[in-house]
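So that the names make sense, note that chain A is the first sequence line, chain B the second, and so on, each numbered from 1.
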Amino acid sequence: MTRYTPAEIEARWQEVWSRDAVFEAVRSADKPKYYVLEMFPYPSGRIHMGHVRNYTMGDVIARYKIATGHSVLHPMGWDAFGMPAENAAMAIGGHPKDWTYGNIADMRDQMKPLGLSIDWSREFATCDVDYYGQQQSLFLDFLEAGLVYRKNAVVNWDPVDMTVLANEQVEQGRGWRSGALVERRELTQWFFKISDYSEDLLEALDRLENWPAKVRLMQENWIGRSRGLQFAFSTIDAPDGHDRIDVYTTRPDTLLGASFVGISPDHPLAKVLERDNPEVAAFCAECRQIGTTEEAIETAEKRGLDTGIRVRHPFDTAHELPVYIANFILMDYGTGAIFGCPAHDQRDFEFATKYDLPIISTYLPSEDSDETLSEAYVPAKTEPVFYNRGFAGEAHQTGLEAIDAAIEFCEQNGIGQGVTKYRLRDWGLSRQRYWGCPIPVVHCTVCGVVPEKKENLPIELPYDVSFDQPGNPLDRHPTWRDCDCPSCGRPAKRETDTMDTFVDSSWYFARFTAPGADTPTVMEDAAYWMNVDQYIGGVEHAILHLLYSRFFARAMQITGHLPQSAIEPFDALFTQGMVTHEIYQTRDDKGRPVYHLPEDVTDGKLADGSDVEIIPSAKMSKSKKNVVDPINIISAYGADTARWFVLSDSPPERDVEWTASGAEAAFKHLSRVWNLCDRIGAMDKGSGGQGDAELLRAMHLCIHDVTMGIESFGFNAAIAKLYAFTATLQKSKASHAAQREAVMTLAQLMSPMTPHLAEDIWAHQGGEGLITTAPWPVADAAMLVSDTVTLPIQVNGKRRAEITVPADLPKEEVEKAALADQAVLRTLDGAVPKKVIVVPGRIVNVVV
RNA sequence: GCGGACGUGGUGGAAUCGGUAGACACAAGAGACUUAAAAUCUCUCGAUCGUAUGAUCAUGCGGGUUCGAGUCCCGCCGUCCGCACCA
């Protein structure tokens with residue numbers, strides 16, 4: 001008897017797959033194609049269990065699709081630009097490029113032993129000159145198509161990373177990466193016109209049926225469509241050029257409840273007033289300063305300053321309202337100005353109470369309700385209310401009806417227009433960093449901003465840069481900026497800003513379809529391989545990456561780089577859960593927590609015998625030391641064990657807890673399967689013969705269940721079925737032929753999860769060719785039905801007995817058999833059944 | 001505050017359509033083999049009562065629909081996630 005030796009088996013089969021190029025994606029005329037993609041990693045230098053789980057899931061799908069006769073594209077690359085490389089250069093010296101490529105080499109070496117079905121011939125990194133050169137070409141096409149533009153904008157400035165952040169990259173007033181409080185600065189920046197596609201990006205979400213509802217909803221909220229009325233108040237005593245204030249409201253039905261107008265501290269009118277009124281200037285400065293701090297958001301104290309300016313109510317010009325500058329009004333939403341309706345908005349209510357402004361109801365719960373309010377009355381828009389100061393529609397109507405009526409009324413009377421607004425802003429892509437894709441434009445003192453000529457691409461990053469001072473090294477480079485103006489030929493300067501790294505990841509999936517091409521994509525290849533049939537990654541990319549990619553696919557279609565059919569690039573999306581682990585903690589003599597690696601803890605004790613405190617499982621993180629290095633697991637148990645375990649215990653969308661005992665058990669099981677194969681191989685060919693039919697029936701049932709499990713991302717359930725079938729086979733006394741068929745099928749069903757072991761079993765049993773390319777077994781429907789069925793019998797919904805009857809026994813006969821059962825008779829105790837429900841093949845319920 | 005998801009044994013979790021709740025695994029316990037250990041194998045394992053056949057209770061709590069509810073509906077409670085001064 002031999003032993004299961006994964007190290008030897010795995011190396012051997014990986015060598016064979018590589019030699020035979022079985023995972024090379026080839027366009028095929030007579031096979032359906034399948035493109036499976038896991039979100040590509042950032043080359044931090046080490047793979048972690050989260051990567052193992054993510055890529056194993058993709059691998060299961062890819063291998064299953066190969067076996068079911070698809071031409072599969074399953075590529076891998078590196079999201080390689082970005083700040084960690086620069087930070088490393090600043091912290092430990094060295095060069096971001098060397099650091100990044102070194103990490104890529106390390107991670108590739110760590111990843112290959114997993115035995116993933118990746119077409120490594122298509123591998124690229126986004127920091128490859130070839131890739132970012134094509135990205136520059138795309139940028140120029142976008143520019144020509146009017147999809148990119150430059151504007152002066154107030155931007156989010158991250159003072160730690162010394163760069164601009166997109167709104168999407170600011171979380172609670174802090175930079176998404178550095179965590180530093182974001183400041184406001186005015187800079188000239190490049191923007192993608194994503195907001196032009198707000199409606200399209202929103203409306204198309206409905207058709208992404210194979211995306212998680214949660215992700216679609218998050219994108220919907222992010223795009224943030226609202227329908228409202230835009231109109232203007234005419235002003236009294238306002239500075240020149242401000243004879244009106246434009247306002248946007250989603251509740252035009254409350255217009256008669258207006259008691260003030262509020263403008264943002266960044267509103268053009270506020271800026272004019274600021275110039276010659278120190279009081280206004282001080283107030284605005286204060287608002288800006290605290291505008292983004294966390295305390296300001298949490299305490300949310302409503303503050304305002306009366307400008308002295310008055311406006312006329314559009315319905316009654318004799319009715320004048322004061323204009324306040326208010327700290328809670330955002331310049332970048334709507335028009336930066338609102339009308340305050342304290343009766344129906346809690347924020348306005350607090351403001352009005354503080355500054356002693358009137359609170360005027362426009363609707364009440366019912367006709368006889370009291371009009372005095374202790375807080376704003378804000379019912380659901382779908383709830384019918386009584387309009388005591390309505391001006392359009394019925395007296396009793398819902399908010400929604402009243403809003404529609406109010407917009408129509410205002411449009412007919414020339415007061416304003418119904419408009420649809422979106423929360424989604426244009427995507428600012430300029431970054432003041434070195435390690436990114438240079439923006440291919442030139443600044444000429446004569447011609448202004450000029451796009452670089454395509455024949456001058458790629459604009460390559462210079463290698464000789466230093467990171468000894470903050471800011472962008474490209475700005476300080478002695479010669480790199482110098483160039484000739486592409487338009488007039490005079491000496492000019494290159495743009496030194498680089499692109500946001502989200503640009504790099506917004507089209508890599510398209511590049512994989514033709515990775516070596518001298519254009520960004522090749523239409524023929526893109527048309528064949530796109531869309532990604534199954535995309536797999538973390539839910540943390542639910543908004544930014546996926547929204548940007550959807551925009552890019554549209555922009556690439558417009559500029560002729562993708563077919564119309566690929567404007568939604570990801571047909572199906574799966575968001576997988578994390579890998580977690582318990583945290584082991586002790587305290588030092590000052591009471592501070594000290595964490596310990598799992599391998600240093602045995603039975604809740606350290607090597608010196610001291611107890612550790614066990615903190616419940618959480619995402620693996622280096623700082624908490626609750627990490628398990630995949631490399632250690634692979635060397636201890638092999639890749640198949642790691643793969644089997646990360647798939648086995650929890651549903652893929654949920655977190656899975658890594659436990660040493662679970663990994664151990666997975667290894668034991670795989671050893672058992674291997675021994676089983678060994679035993680069957682050594683069987684006397686003529687021996688056995690009991691229960692062949694039962695074994696084969698169980699096998700077909702297992703084929704059915706595992707196939708269903710893989711198709712529906714129920715990998716954990718599929719694995720449970722494989723455990724059960726293995727136990728059945730182990731106990732079987734069937735003939736050698738039946739057992740051989742069973743173990744070969746078992747190997748095939750396991751092959752997407754544990755490909756090396758499966759391949760080895762296949763070879764041992766004399767299977768033809770590779771198991772990887774062998775056709776997936778098909779469950780024989782005739783084998784799934786048994787001659788007899790065991791039916792539970794309920795009396796009044798409670799299970800009392802079981803009968804075994806022929807599967808095709810007519811209902812009446814089943815009923816008769818059920819009522820004749822001893823246990824049923826005992827329970828009935830002479831009572832006469834009122835009704836007997838027979839669900840064929842399922843259950844019998846006797847009602848008394 | 002708004003929006004969403006989830007809640008099943010000691011633990012992770014199963015349970016196409018509403019049809020035997022707890023598959024499979026971990027942990028725990030018992031046993032076989034062994035001088036012993038490891039490895040391997042076998043058995044028990046939701047709770048209560050009972051020697052047992054079995055009975056009663058049980059899928060967060062309370063109601064409802066149904067012959068039948070973990071699954072559908074209503075109302076609570078709890079946990080997690082996303083968004084948030086959005087006019």
**Asked** Is the ring centre of A/F715 less than 6.0 Å from the ring centre of A/F713?
**Response** yes

**Prompt:** When we call it a touch if two heavy atoms are under 4.0 Å apart, what does A/K834 touch: a base, just sugar-phosphate, or nothing?
**Reply:** nothing

Between the protein and nucleotides 41-46 of chain B, which nitrogen or oxygen pairs are less than 3.5 angstrom apart?
{"unit_1": "B/C41", "atom_1": "OP1", "unit_2": "A/R672", "atom_2": "NE", "d": "3.1"}

For residues 698-707 of chain A, tabulate all N or O donor-acceptor pairs below 3.5 Å that involve a side-chain atom, not counting sequence neighbours.
{"unit_1": "A/H700", "atom_1": "ND1", "unit_2": "A/D780", "atom_2": "N", "d": "2.9"}
{"unit_1": "A/T707", "atom_1": "OG1", "unit_2": "A/I703", "atom_2": "O", "d": "2.6"}
{"unit_1": "A/T707", "atom_1": "OG1", "unit_2": "A/W776", "atom_2": "NE1", "d": "3.0"}

**Request:** Could you pull out all residues at least two apart from A/K619 that satisfy side-chain contact (heavy atoms from CB on, under 4.5 Å)?
**Result:** A/M578

**Request:** With sequence neighbours excluded, give me every side chain to side chain donor-acceptor pair (under 3.5 Å) pair touching residues 711-722 of chain A.
**Result:** A/Y64-A/E711

Can I get a per-line list of side-chain donor-acceptor pairs under 3.5 Å for residues 789-798 of chain A, giving both atom names and the distance, sequence neighbours left out?
{"unit_1": "A/T790", "atom_1": "OG1", "unit_2": "A/T804", "atom_2": "OG1", "d": "3.1"}
{"unit_1": "A/N796", "atom_1": "OD1", "unit_2": "A/V848", "atom_2": "N", "d": "3.1"}

**Request:** For A/K816, enumerate each residue passing the salt bridge (Lys or Arg N to Asp or Glu O under 4.0 Å) test, keeping only those at least two apart in sequence or located in another chain.
**Result:** A/E813

**Asked** For A/K721 and B/A25, is the shortest distance between a side-chain N/O and OP1 or OP2 below 4.0 Å?
**Response** no

**Message:** When you measure from the side-chain N and O atoms of A/R679 to the phosphate of B/U40, is any distance below 4.0 Å, counting only OP1 and OP2?
**Reply:** no

**Asked** Under 4.0 angstrom, heavy atoms only, what part of the nucleic acid is A/I329 near: base, sugar-phosphate, or nothing?
**Response** base

**Message:** Please classify the nucleic acid contact of A/D348 as base, sugar-phosphate, or nothing, using heavy-atom distances under 4.0 Å.
**Reply:** nothing

**Asked** So does A/Y723 get a side-chain nitrogen or oxygen closer than 4.0 Å to the phosphate oxygens (OP1/OP2) of B/A25?
**Response** no

**Request:** For B/G54, measure the glycosidic angle (O4'-C1'-N9-C4 for a purine, O4'-C1'-N1-C2 for a pyrimidine) and name it syn if it falls within 90° of 0, otherwise anti.
**Result:** anti

**Message:** Restricting to side-chain contact (heavy atoms from CB on, under 4.5 Å), what partner residues turn up for A/T575, sequence neighbours left out?
**Reply:** A/P212, A/V215, A/V539, A/L573

**Asked** Quick one: side-chain contact (heavy atoms from CB on, under 4.5 Å) partners of A/A823, sequence neighbours excluded?
**Response** A/A801, A/D821, A/R826

**Item:** First of A/H704 and A/D655 reached from the 5' end of RNA chain B, by closest nucleotide
**Value:** A/D655

**Fill in**
Assigned chi class of B/C76 under the 90° convention is anti

**Message:** For a quick check of understanding: with a heavy-atom distance under 4.0 Å over all strands, which category does A/Q346 fall into, base, sugar-phosphate or nothing?
**Reply:** nothing

**Item:** Under the salt bridge (Lys or Arg N to Asp or Glu O under 4.0 Å) test, residues paired with A/R842 that sit two or more places apart
**Value:** none

**Asked** Which part of the nucleic acid does A/T659 contact within heavy-atom distance under 4.0 Å: base, sugar-phosphate only, or nothing?
**Response** nothing

**Item:** Set of residues satisfying side-chain contact (heavy atoms from CB on, under 4.5 Å) with respect to A/A663, sequence neighbours excluded
**Value:** A/Y637, A/W658

**Asked** Which word best sums up how the rings of A/H313 and A/F315 line up, parallel for under 30°, tilted for 30 to 60°, or perpendicular for over 60°?
**Response** perpendicular

**Request:** Just call it for A/E657: base, sugar-phosphate, or nothing, with non-hydrogen atoms closer than 4.0 Å on any strand.
**Result:** nothing

**Request:** For B/A23 and B/U44, measure between their P atoms and round to the nearest Å.
**Result:** 12 Å

**Request:** Can you run through RNA chain B from 5' to 3' and write each base as (, ), [, ], | or . depending on how it pairs? Watson-Crick or G-U wobble, both distances under 3.5 Å.
**Result:** (((((((..(((......[....))).(((((.......))))).((((....))))..(((((..]....))))))))))))....

**Item:** Sugar-phosphate, base or nothing in reach of A/R216, heavy atoms under 4.0 Å
**Value:** nothing

**Message:** OP1 or OP2 of B/C86 versus the side-chain N and O atoms of A/R347: is any pair under 4.0 Å?
**Reply:** yes

**Message:** If you compare every side-chain N and O of A/R423 against the phosphate oxygens of B/A84 (OP1, OP2), does one of them come in below 4.0 Å?
**Reply:** yes

**Complete:** Closest to the 5' end of RNA chain B, once A/A720 and A/I837 are matched to their nearest nucleotides, is A/A720

**Message:** Can you tell me which nucleotide in B/C67, B/G13, B/U20 comes closest to the side chain of A/S650?
**Reply:** B/G13

**Fill in**
side chain to side chain contact (heavy atoms under 4.5 Å, CB included) with A/F260: of A/F351, A/F339, A/Y355, only one passes, and it is A/F351

**Message:** Measuring from the side chain of A/I338 (C-beta onward, heavy atoms only), which nucleotide among B/A87, B/U16, B/C67 has the closest atom?
**Reply:** B/A87

**Message:** Using a heavy-atom cut-off of 4.0 Å across all strands, would you classify A/S648 as base, sugar-phosphate, or nothing?
**Reply:** nothing

For nucleotides 2-10 of chain B, give me every protein contact, N/O to N/O, under 3.5 Å, one pair per line with atom names.
none

**Item:** Nearest-neighbour nucleotide for the A/R800 side chain, B/U56, B/U20, B/C85 considered
**Value:** B/U56

**Asked** Is A/K421 touching bases, backbone alone, or none of the nucleic acid, heavy atoms closer than 4.0 Å?
**Response** nothing

**Asked** Between the side chain of A/S648 and the main-chain N/O of A/F645, is any donor-acceptor distance below 3.5 Å?
**Response** yes

